[in-house]
Amino acid sequence: MTVQTERPRLERYDPASIEPRWQRTWDKAGLYRTDLHDKDRPRFYLLTMYPYPSGDIHIGHWYIITPTDAIARFHRMHGENVFLPIGFDAFGLPAENAAIKNNINPRDWTMSNIDNMRRQLRTMGATFDWEAEVVTADPGYYRWNQWFFLQFLKAGLAYRQTSPVDWCPNDGTLAREQVEGADRHCWRCGAKVEKRDLAQWYLKVTRYADELLDFSGLIWPEPIKAQQTNWIGRSEGGEIVFETASSEHHAGGAELRVFTTRPDTLFGATFMVLAPEHPLVAELTAPDRKAEVDAYVAQAAIRTEIDRLSTDRDKTGVALGADAINPVNGERIPIFVADYVLGGYGTGAIMAVPAHDERDYAFAEKYGLPIRRVVAAPGDEERELESAYLAHAAGERLVNSGSYTGLGAGEGGAAIVGALEAQGKGRTAVTYRLRDWLISRQRYWGTPIPVIYCERDGIVPVPDEDLPVRLPDTVDYRGSGENPLARDETFLNVSCPQCGGPARRETDTMDTFIDSSWYWYRYLSPEKAGSPIDRALVDTWTPVDQYTGGAEHAVMHLLYAREWTKMMRDVGLVDQDEPFKRLFNQGQILGLDGERMSKSRGNTVDPDDLVARYGADTVRLFLMFMGPWDQGGPWSPTGIGGVHRFLNRVWTIVLDASGREPGDPESGTLPAGVDEAAARLQLRQAAHRTLKGVTADYEAFHFNTMIAKLMELANVLMRFRGSSVAGSPEWDEAVRLSLLMLAPAAPHITEELWSRRQSAAGAAPSSIHTETWPAVDEAATVEATREVPVQVNGKVRDRIVVASDVSAEDLERAALASEKVQALLAGRVPLKVIQAGGGRLVNIVVLDAG
RNA sequence: GCCGAAGUGGCGGAAUGGCAGACGCGGCGGUCUCAAACACCGCUGAGGGCAACCUCGUAUGGGUUCGAAUCCCAUCUUCGGCACCA
């Protein structure tokens with residue numbers, strides 16, 4: 001019969017009983033309400049991209065938000081006044097489509113989703129200031145979209161224009177990003193997207209093209225800057241004026257302007273091409289060519305953009321039966337219309353230089369047009385071209401170029417443009433790929449554009465006092481490709497604010513990217529009447545110190561937000577050029593199918609089950625531990641148990657220092673050869689080295705290695721648990737530091753253990769989250785001795801233990817004295833001995849005897 | 001085609017000029033238990049050797065260096081973005 005020594009069983013770590021309790025406590029105490037008027041502490045505006053209220057918070061949201069929350073908590077522990085708001089990007093197509101499908105109002109659908117998501121967001125234990133919440137579908141928010149629009153209209157930054165837009169036969173106008181895939185289909189119904197000519201509202205963002213290329217002062221990821229730079233697409237070159245030649249049917253002398261990045265190749269222009277939309281096409285077409293040209297232009301208009309733009313497609317085009325005169329040599333060259341030239345870029349017309357442009361080459365080959373080489377590397381002048389020569393070779397020169405022959409390409413181009421400029425026939429020019437922002441949408445669930453069309457007065461802005469133009473709730477929003485608001489007579493018909501006569505409202509709504517172009521300013525004063533922003537708060541709190549969100553918004557939201565800030569600046573609303581000082585893009589969690597997680601794909605992972613099983617702290621920690629935050633990757637819950645075990649160990653270490661491990665015979669004893677004093681020193685060194693590393697990792701958002709370091713420290717503590725060291729001051733400090741370091745990442749368990757420690761010590765209760773981040777004792781991170789690897793010819797052959805403050809001479813002597821080194825040297829004399837990193841490593845170099 | 005990111009054990013990943021594989025998962029062995037679960041301990045890149053150890057090894061091929069996963073050149077692969085932008 002065995003006698004069992006009964007110890008009270010350690011209470012199990014049970015997140016379900018801890019987490020909701022602390023969430024309620026924090027909430028009640030208002031721990032995370034930010035006093036925006038506090039002038040004493042340094043301010044830190046931390047912004048994370050607000051979610052679209054699709055209905056459920058999935059694991060992807062957690063991946064974005066919980067590390068951001070850890071950053072907020074880390075900064076608070078440094079005494080900063082942190083503002084971390086949240087809101088909902090509540091307008092947009094999915095609400096409208098879901099509403100149509102389920103036959104409910106988009107507003108009801110959206111608002112009930114928001115209620116649900118608010119509840120789910122709280123289970124993360126995130127420190128959002130809910131008082132600052134913004135919901136963009138609220139009239140109190142979108143009225144300011146309208147107000148901004150009217151300001152921009154007044155300032156000439158908004159204008160209306162008829163132009164071809166992407167149009168889905170089922171869903172109407174689509175945003176650029178809602179057209180997917182190489183075949184340009186509608187993201188929702190898969191139908192092929194067409195072009196339609198519609199009168200649309202635009203914001204004049206191209207005005208900022210150059211300014212947008214300037215990222216100085218912004219701490220943004222390089223890939224995002226590169227993507228925006230590409231999107232803006234600045235190219236430098238020249239604009240050259242060709243005149244049309246006179247003929248039987250045409251008087252001649254009309255100006256045809258072309259943009260080219262290669263003015264040096266002007267002598268190689270053997271024909272010209274106009275885009276089908278070019279205004280001079282009809283005028284220049286010879287009567288006998290008219291039928292064919294008209295047919296071609298008509299066909300080009302109905303063709304989808306991708307068909308036109310596909311590089312695989314054969315070049316097509318027809319001759320107009322008219323000629324242009326090359327301004328540099330007076331040569332007559334034929335004019336074609338072809339859809340490989342785009343109406344919306346440059347001047348919509350090109351000089352074609354087949355010898356030095358692939359597209360022109362293909363066209364010239366097909367239609368038997370002359371190909372004249374005007375740039376050649378030395379010795380290549382007479383060689384026949386088999387394809388367009390684009391490369392820039394050393395020593396290449398202009399050939400067949402009149403008086404410019406012999407010049408280098410760069411200087412030749414400049415000389416040609418300079419000569420033309422003197423005659424008023426050319427100039428240096430810059431063109432951008434960036435277009436003005438088309439903001440009109442033929443959808444219901446968005447901000448009504450606040451203008452009125454009067455038969456007498458034309459376009460009349462809605463007066464300020466009549467804002468907001470409310471979105472009617474009762475509209476038949478079911479999609480039929482037609483504009484829903486146009487079907488609502490009471491919305492549609494108004495009297496003109498100027499003349500009182502009959503007038504109609506604009507029935508388009510705004511692109512929902514407008515909502516997200518200024519929401520962080522509104523967070524500072526969500527209820528403010530009379531102005532969209534509180535100027536004093538905006539001036540003190542913005543630009544945003546740190547923005548976190550997905551890289552998928554690189555050229556949409558993040559570019560719009562910059563443009564909008566510049567427009568606000570130009571109408572005198574803010575005194576800043578850029579909205580976000582520092583940007584971090586976290587990666588994306590993909591579904592098990594490797595695809596982006598989204599409700600419409602049905603591959604979302606619900607965190608609720610994981611939270612129920614492991615608790616929010618484990619889920620938070622696991623998401624941070626998976627890998628580098630900016631990397632993302634496919635979701636797999638494998639391994640979450642390891643993180644949970646870590647928290648269990650922390651629980652055990654804090655609450656039961658003197659316990660023994662049931663399965664470990666060594667438990668409770670110090671390792672062989674280590675006395676208590678040495679063990680206590682080791683513990684203190686481990687704790688402070690961890691603190692140093694963890695602090696740096698938080699600052700760099702390296703959460704995965706931060707957690708790894710905490711695990712290592714916990715493993716050290718676990719080894720000493722139950723030993724004579726366990727109750728020592730060093731043990732106590734290591735435990736205390738562990739909790740403080742873990743607090744931003746796992747707020748609930750650390751709060752619980754902190755409060756238990758305090759009550760055990762008889763201290764007054766206070767939150768760990770109001771504690772100050774501990775300071776590293778640098779002296780404690782230095783060990784008395786260290787191990788130095790010794791290499792012979794770059795291969796590690798031995799490790800020697802030396803005093804930390806060993807001199808270089810002594811270290812070299814010790815390294816050479818190593819038996820293994822001596823054996824390898826076999827009597828040879830070292831050529832040199834290198835010490836790296838201040839004696840962190842020794843490399844002994846000898847001649848290899850072979 | 002152009003721009004960008006990345007290739008390291010069975011897996012997620014660590015190390016950004018100085019001990020490759022920290023930390024964790026999985027696997028194997030063990031302790032605890034009547035048993036299971038939980039928990040804990042040990043081992044775990046490949047090949048060789050009884051062993052101390054040795055050899056190889058960070059997509060591929062070259063280079064720079066006393067020393068390269070890390071820097072340079074070329075190539076291959078994967079992912080993201082753009083795509084007839086003159």
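By convention in this document, chain letters (A, B, ...) are assigned in the order of the sequence lines, proteins followed by strands, and residues within each chain are numbered from 1.
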Quick one, give me the B/S/- string for nucleotides 9-15 of chain B, reading 5' to 3', where B means a protein heavy atom under 4.0 Å from the base and S means that only happens at the primed atoms, P, OP1 or OP2.
---BSS-
What pairs of residues pass the side-chain hydrogen bond (donor to acceptor under 3.5 Å, both in side chains) test when at least one of them lies in residues 830-843 of chain A, not counting sequence neighbours?
none
Quiz: residues 426-433 of chain A side-chain donor-acceptor pairs under 3.5 angstrom, not counting sequence neighbours:
from, atom 1, to, atom 2, distance (Å)
A/Arg427, NH2, A/Glu239, OE1, 3.2
A/Tyr432, OH, A/Asp210, OD1, 2.9
A/Tyr432, OH, A/Asp210, OD2, 2.6
A/Tyr432, OH, A/Arg234, NH1, 3.1

Nearest-angstrom distance from the residue atom CD1 of A/Ile640 to C1' of B/C25:
12 Å
I'd like a list of close polar pairs between nucleotides 44-55 of chain B and the protein, N/O only, cut-off under 3.5 Å.
from, atom 1, to, atom 2, distance (Å)
B/U55, OP2, A/Arg797, NH1, 3.4

For RNA chain B, the dot-bracket pattern of Watson-Crick and G-U pairs whose distances stay under 3.5 Å, | for other-strand partners:
(((((((..(((.....[....)))((((((.......))))))((((....))))..(((((..]....))))))))))))....
Rounded P spacing from B/G48 to B/C3 in Å:
47 Å
Any base atoms under 4.0 Å from A/Asn715, or only sugar-phosphate, or nothing? Heavy atoms, all strands.
sugar-phosphate
I'd like a list of close polar pairs between nucleotides 4-8 of chain B and the protein, N/O only, cut-off under 3.5 Å.
none

Just checking A/Thr229: base, sugar-phosphate only, or nothing, at a heavy-atom cut-off of under 4.0 Å?
nothing
Ignoring hydrogens and angles, answer whether the base of B/C84 and the side-chain atoms of A/Lys315 contain a donor-acceptor pair closer than 3.5 Å.
yes
Quick check: on RNA chain B, is the nucleotide nearest A/Glu787 upstream (toward 5') of the one nearest A/Ala349, or the reverse? Name the residue that is more 5'.
A/Glu787
Quick one: on RNA chain B, does A/Lys709 or A/Ile844 contact a more 5' nucleotide (nearest heavy atom)?
A/Lys709
